[in-house]
Student: 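This structure is in structure tokens; I'll ask about it shortly.
Side chains are part of it too, since the values below use all heavy atoms of this structure and drop only hydrogens, waters and symmetry mates. Just so you know, residue 1 is the first one in the sequence shown, and it goes up from there.
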Amino acid sequence: MKLTIPLAICVMVVFASCAASNQVQKSCWTVKEVQQYYNDSAKANTNCVLYRGTDSQSHHFLSQFIDKWVFLTIKKDELALPEEKPYKVDSTVKLGYYYVDPNNHFVKIRDFN
């Protein structure tokens with residue numbers, strides 16, 4: 001009985017830390033949310049946002065904010081991109097096509113090598 005309480009506390013701490021670390025992940029983002037998150041994280045040496053492609057419903061992006069990889073999905077009707085590429089999830093396809101600037105209408109800033 002004495003061992004059960006510390007064990008239960010440890011399990012609760014593990015679940016709480018897992019939940020806290022996954023708060024960044026969302027299924028769908030708005031343009032403003034991506035811009036705000038990017039601006040808030042840029043102070044801590046944020047990497048650029050990588051355009052991964054577009055499917056029939058959404059544009060897909062990937063970024064590394066500090067030590068977390070964040071998958072960003074924005075609905076097509078909310079964001080118009082001048083240069084759309086197909087979104088593929090095949091493991092042989094590279095991570096993305098080019099880096100974008102969320103603060104400048106997601107325009108291409110450089111190619112992904």
Student: Run the numbers on W29 and V70 for side chain to side chain contact (heavy atoms under 4.5 Å, CB included), then give the verdict.
Tutor: CA-CA 11 Å; W29 294 68; V70 181; 4.0 Å; yes

Student: Can you tell me how far the CZ atom of F106 sits from the CG atom of L79, to the nearest 0.5 Å?
Tutor: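 The CG atom of L79 is 5.5 Å from CZ of F106, to the nearest 0.5 Å.
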
Student: In terms of heavy-atom contacts, does CD of Q57 have more than 12 from other residues, nucleotides or ligands at under 6.0 Å?
Tutor: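 Open: at most 12 neighbouring heavy atoms sit under 6.0 Å from CD of Q57.
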
Student: With sequence neighbours excluded, what pairs up with D77 under the side chain to side chain contact (heavy atoms under 4.5 Å, CB included) test?
Tutor: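 D77: side chain to side chain contact (heavy atoms under 4.5 Å, CB included) contacts with K75.
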
Student: Within this structure, what is the CH2-OG distance for the pair W69 and S63, rounded to the nearest 0.5 Å?
Tutor: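 So the CH2 of W69 and the OG of S63 are separated by 7.5 Å.
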
Student: Side chain to side chain contact (heavy atoms under 4.5 Å, CB included) with P86: which residues, sequence neighbours excluded?
Tutor: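 Scan of P86 (side chain to side chain contact (heavy atoms under 4.5 Å, CB included), adjacent residues dropped) gives K88, Y97.
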
Student: For the atom pair OH (Y87) and OG1 (T54), what is the distance rounded to the nearest 0.5 Å?
Tutor: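 Answer rounded to 0.5 Å: 10.5 Å.
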
Student: Of all heavy-atom pairs between L81 and H59, which one has the smallest distance, and what is that distance?
Tutor: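 Heavy-atom minimum between the residues: CD1-ND1, 3.4 Å.
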
Student: Roughly how far, to the nearest 0.5 Å, is the CD1 atom of I74 from the SG atom of C28?
Tutor: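 So the SG of C28 and the CD1 of I74 are separated by 8.0 Å.
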
Student: For K76, what residues pass the side-chain hydrogen bond (donor to acceptor under 3.5 Å, both in side chains) criterion, not counting sequence neighbours?
Tutor: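 side-chain hydrogen bond (donor to acceptor under 3.5 Å, both in side chains) list for K76, sorted by chain: empty.
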
Student: According to salt bridge (Lys or Arg N to Asp or Glu O under 4.0 Å), who are the partners of K85, at least two apart in sequence or on a separate chain?
Tutor: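 Result, salt bridge (Lys or Arg N to Asp or Glu O under 4.0 Å) vs K85: E83.
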
Student: Is the backbone of V31 close enough, under 3.5 Å, to the side chain of E78 for a donor and an acceptor to pair up by distance?
Tutor: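 Yes: the side chain of E78 pairs with the backbone of V31.
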
Student: Measure across T73 and S58 and return the closest heavy-atom pair with its distance rounded to 0.1 Å.
Tutor: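 The answer is CG2-CB, 3.3 Å.
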
Student: Are Y51 and F61 near enough that their ring centres are under 6.0 Å apart?
Tutor: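 Centroid distance Y51-F61: below 6.0 Å, so yes.
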
Student: Would you please name every residue forming a salt bridge (Lys or Arg N to Asp or Glu O under 4.0 Å) with D111, sequence neighbours left out?
Tutor: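 Scan of D111 (salt bridge (Lys or Arg N to Asp or Glu O under 4.0 Å), adjacent residues dropped) gives K108.
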
Student: Same cluster or not: V107 versus Y99, using hydrophobic residues (I, L, V, M, F, W, Y) connected whenever any side-chain heavy atoms lie under 4.5 Å apart?
Tutor: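 They do not share one cluster, since no chain of ILVMFWY contacts under 4.5 Å joins V107 to Y99.
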
Student: What residues form a side-chain hydrogen bond (donor to acceptor under 3.5 Å, both in side chains) with D55, not counting sequence neighbours?
Tutor: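 H60.
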
